[in-house]
Amino acid sequence: MSDTTGGPNLTQQRILTTAIPGPKSIELQARKQAAVAAGVGTTLPVYVVAAGGGVVLDVDGNSLIDFGSGIAVVTVGNSAPRVVEAVSEQVQAFTHTCFMITPYDGYVRVAEALNRLTPGDHEKRTALFNSGAEAVENAVKIARQHTKRQGVVVFDHAYHGRTNLTMAMTAKNMPYKSGFGPFAGEVYRAPLSYPYRDGLDGATAAARAINVIEKQVGVENLAAVVIEPIQGEGGFIVPAPGFIAALVQWCRDNSVVFVADEVQTGFARTGALFAMDHEDAVPDLIVTAKGIAGGLPLAAVTGRAEMMDAPHVGGLGGTYGGNPLACAAALAVIETIEADDLVGRARAIEATMMERLTALAERDARVGDLRGRGAMIAIELVDPATGAPDADLTKAVAAAAHQRGLIVLTCGTEGNVLRFLPPLAMPDHLLTEGLDVLDEVFANA
Ligand code: PLZ
């Protein structure tokens with residue numbers, strides 16, 4: 001196979017042939033600056049020619065270890081073989097008809113699979129969309145129709161997207177919201193459970209959030225509570241045990257729709273098919289995207305039939321939602337997760353990462369917290385003396401890792417969280433080497 005073909009057969013090695021970025025990438029980045037809107041930033045401007053397994057190959061011949069998965073998207077790996085085959089077959093058959101005009105069975109099969117795989121054994125329905133933000137918006141539309149109420153509660157540090165409604169739902173001002181208002185109304189923010197920072201147990205943190213909701217919104221005005229079971233962009237915050245279950249129970253008691261935004265946590269990422277599977281609770285609606293289709297744009301809302309069926313016929317849709325290529329990819333992703341036991345693989349990755357990062361945290365007091373599940377792990381970096389978030393160190397560590405050929409991402413409201421999201425197709429030797437690179441970087445930082 002030629003070296004510019006992606007997929008798992010791409011040479012699984014970290015190779016640095018130039019400085020990062022190399023000369024060809026620098027040239028392309030100059031063209032990008034002249035041609036692409038400045039608002040669209042790039043974290044690590046190496047221009048990609050192929051990717052697969054655990055590496056990303058750039059135009060200068062550098063092969064980088066991928067601890068990012070394109071922000072938790074290529075969970076099954078880049079150009080995963082079943083995805084390539086299914087999409088290639090579909091692209092020859094037809095590329096689009098619009099499901100709202102003349103439908104096709106790929107969409108129905110994805111809906112059936114999601115109804116089967118998502119948490120809870122109640123009767124379910126699914127609707128397909130293009131992006132996480134679009135699906136979150138549709139979950140809110142569905143909850144409003146079902147409850148005949150308007151209010152939406154979200155949480156501190158939440159990330160739900162960049163469209164107008166989801167900007168209102170996202171917590172962080174820069175870079176997501178600043179100057180882009182006015183934002184959609186009827187969105188209210190409640191305090192999260194953030195064990196490292198608030199020290200509260202799940203029940204206490206839930207009682208605090210519920211008090212805010214009852215006093216500041218009022219149950220009679222509330223359509224939905226929307227939460228990421230593990231926050232993604234907000235800092236990979238795992239709520240204290242029982243927090244999510246208490247919120248779900250409160251929603252049930254008050255006829256409020258509980259929406260789990262599993263755009264980042266879904267599809268085996270956390271060592272379960274869905275992060276809600278770790279909680280002793282079942283969401284009413286679950287929003288999925290990213291990992292669902294191995295890199296093709298697809299998103300879904302799945303949930304209780306009586307809620308999903310509340311909007312009138314024609315009330316939900318969009319030109320491309322459930323595009324045939326994306327559906328073919330999703331079916332191949334689901335087959336891959338099941339056939340290759342990627343849930344088990346995510347747990348094995350968790351074990352390796354936790355062992356190595358625990359050792360790092362013990363050696364280096366700047367690692368204030370280590371948290372996450374499966375192949376969704378992060379460290380929060382702080383000033384050891386004060387516990388204050390250290391965004392500068394986080395930026396420096398990420399940049400040094402990039403220089404050494406390791407793709408890592410940062411996150412967190414304070415920008416002081418380094419997150420690791422390797423594809424589950426990553427071979428062990430690259431996972432270990434990536435962790436070695438991190439050790440080196442911390443030793444020199
Ligand atoms: N909900 C939980 O993580 C997307 C955003 C990157 P879209 N997260 C990555 C960026 O800077 O734009 C995300 C998410 C959760 C919703 C979304 C939105 O998904 O597919 O980007 O619209």
Side-chain angles (χ1 to χ4, degrees), residues 39 41 43 67-68 71-72 132-133 136 152-181 183-184 187-200 202 205-206 208-209 212-213 216 225-240 243-244 247 260-265 269-270 275 287 290 361 366-373 376-384 386-399 408-421:
T43 300
F67 273 16
I71 324 188
V136 169
V152 177
V153 161
V154 291
F155 288 81
D156 287 333
H157 310 288
Y159 185 91
H160 297 293
R162 293 176 182 264
T163 58
N164 189 265
L165 175 58
T166 57
M167 272 194 294
M169 296 170 71
T170 290
K172 194 175 176 177
N173 177 43
M174 277 300 275
Y176 308 122
K177 303 168 72 163
S178 190
F180 295 132
F183 304 114
V187 176
Y188 302 90
R189 197 166 306 283
L192 186 71
S193 163
Y194 189 165
Y196 175 61
R197 291 284 173 194
D198 66 25
L200 299 178
R208 178 177 67 171
V212 167
I213 297 169
Q216 298 184 21
V225 167
V226 184
I227 190 167
E228 301 153 84
I230 299 175
Q231 283 196 329
E233 304 307 305
F236 281 27
I237 303 165
V238 184
F243 176 74
I244 297 275
L247 289 175
D261 177 347
E262 293 232 26
V263 168
Q264 192 150 164
T265 51
R269 175 55 59 188
T270 67
V287 179
K290 289 190 187 274
R366 297 171 297 180
V367 180
D369 194 25
L370 163 62
R371 57 185 181 242
R373 282 192 164 116
M376 182 173 184
I377 305 289
I379 50 181
E380 178 163 348
L381 304 184
V382 298
D383 177 338
T386 61
D390 195 341
D392 290 340
L393 174 67
T394 310
K395 227 179 274 163
V397 164
V408 289
L409 311 176
T410 62
C411 62
T413 302
E414 307 283 352
N416 69 320
V417 179
L418 204 59
R419 58 172 153 170
F420 312 119
L421 291 161

(message) I need the minimum non-hydrogen distance between G161 and A133, along with the two atoms involved.
(response) CA-CB, 3.9 Å
(message) Tell me every residue that passes side-chain hydrogen bond (donor to acceptor under 3.5 Å, both in side chains) with T270, counting only those two or more places apart in sequence or in another chain.
(response) H278
(request) Can you sort out the partners of D392 under salt bridge (charged side-chain N to carboxylate O under 4.0 Å, His left out), two or more places apart, ordered by chain and number? (result) none
(message) Check whether N416 reaches the backbone of E380 with its side chain - one donor and one acceptor, N or O, closer than 3.5 Å.
(response) no
(message) I'd like to know if the side chain of T265 and the backbone of I230 have a donor-acceptor N/O pair within less than 3.5 Å.
(response) no
(request) Mind checking the CE-CG spacing from M169 to D261? Nearest 0.5 Å is all I need. (result) 7.5 Å
(message) Would you compute the distance between atom CZ of F183 and atom OG1 of T163 and round it to the nearest 0.5 angstrom?
(response) 11.0 Å
(message) Tell me every residue that passes side chain to side chain contact (heavy atoms under 4.5 Å, CB included) with R208, counting only those two or more places apart in sequence or in another chain.
(response) P191, D198, L200
(request) Go through the structure and list residues passing side chain to side chain contact (heavy atoms under 4.5 Å, CB included) with A72, not counting sequence neighbours. (result) Q264, R269, K290, L421
(request) For Y176, enumerate each residue passing the ring-ring contact (aromatic ring centres under 6.0 Å, His included) test, keeping only those at least two apart in sequence or located in another chain. (result) Y159
(request) Could you tell me which residues satisfy side chain to side chain contact (heavy atoms under 4.5 Å, CB included) with A184, sequence neighbours excluded, listed by chain and number? (result) N164, L165, A168
(message) In the structure I gave you, are the side-chain heavy atoms of R373 and V238 within less than 4.5 Å of one another anywhere?
(response) yes
(request) Would you indicate whether the side-chain heavy atoms of K172 and C411 approach each other to under 4.5 Å? (result) no
(message) Please report the interatomic distance CG(L192) to OG1(T413), rounded to the nearest 0.5 Å.
(response) 9.5 Å
(message) Enumerate the salt bridge (charged side-chain N to carboxylate O under 4.0 Å, His left out) contacts for residues 225-236, please, sequence neighbours excluded, ordered by first and then second residue.
(response) E233-R419
(request) Please round to the nearest 0.5 Å and tell me the distance separating atom OH of Y188 and atom CD1 of I213. (result) 12.5 Å
(request) Could you tell me whether the side chain of N173 and the main chain of S178 form a donor-acceptor pair under 3.5 Å? (result) yes
(request) List in chain and number order the residues that pass side chain to side chain contact (heavy atoms under 4.5 Å, CB included) with A361, two or more places apart in sequence or in another chain; answer none if no residue qualifies. (result) V367
(request) Might you confirm whether atom NZ of K177 has over 12 heavy atoms from other residues, nucleotides or ligands at distances under 6.0 Å? (result) yes
(request) State which residue, out of V226, V187, V287, fulfils the side chain to side chain contact (heavy atoms under 4.5 Å, CB included) condition with H160. (result) V226
(message) Would you compute the distance between atom CZ of F243 and atom CD1 of I237 and round it to the nearest 0.5 angstrom?
(response) 10.5 Å
(message) Within this structure, what is the CG-CG distance for the pair L418 and L381, rounded to the nearest 0.5 Å?
(response) 6.0 Å
(message) If you compare all heavy atoms of V263 against all heavy atoms of G132, which two are closest, and at what distance to 0.1 Å?
(response) CG2-CA, 3.9 Å
(request) Locate the shortest heavy-atom distance separating E414 from A391; write the atom from each residue and the value. (result) O-CB, 3.4 Å
(request) Considering non-hydrogen atoms only, spot the tightest contact between V382 and G368 and give its length. (result) CG2-CA, 3.8 Å
(message) Once salt bridge (charged side-chain N to carboxylate O under 4.0 Å, His left out) is applied, do any residues pair with D369, and if so which ones, sequence neighbours excluded?
(response) R371
(message) I need the minimum non-hydrogen distance between R162 and M167, along with the two atoms involved.
(response) O-CG, 3.5 Å
(request) Could you tell me which non-hydrogen atom of P195 sits nearest to which non-hydrogen atom of P239, and how far apart they are? (result) CG-C, 4.1 Å
(message) Under the rule for ring-ring contact (aromatic ring centres under 6.0 Å, His included), what residues qualify as partners of Y194, not counting sequence neighbours?
(response) H157
(message) Going by the rule side-chain hydrogen bond (donor to acceptor under 3.5 Å, both in side chains), which residues pair with T394 if we only count those two or more places apart in sequence or in a different chain?
(response) none
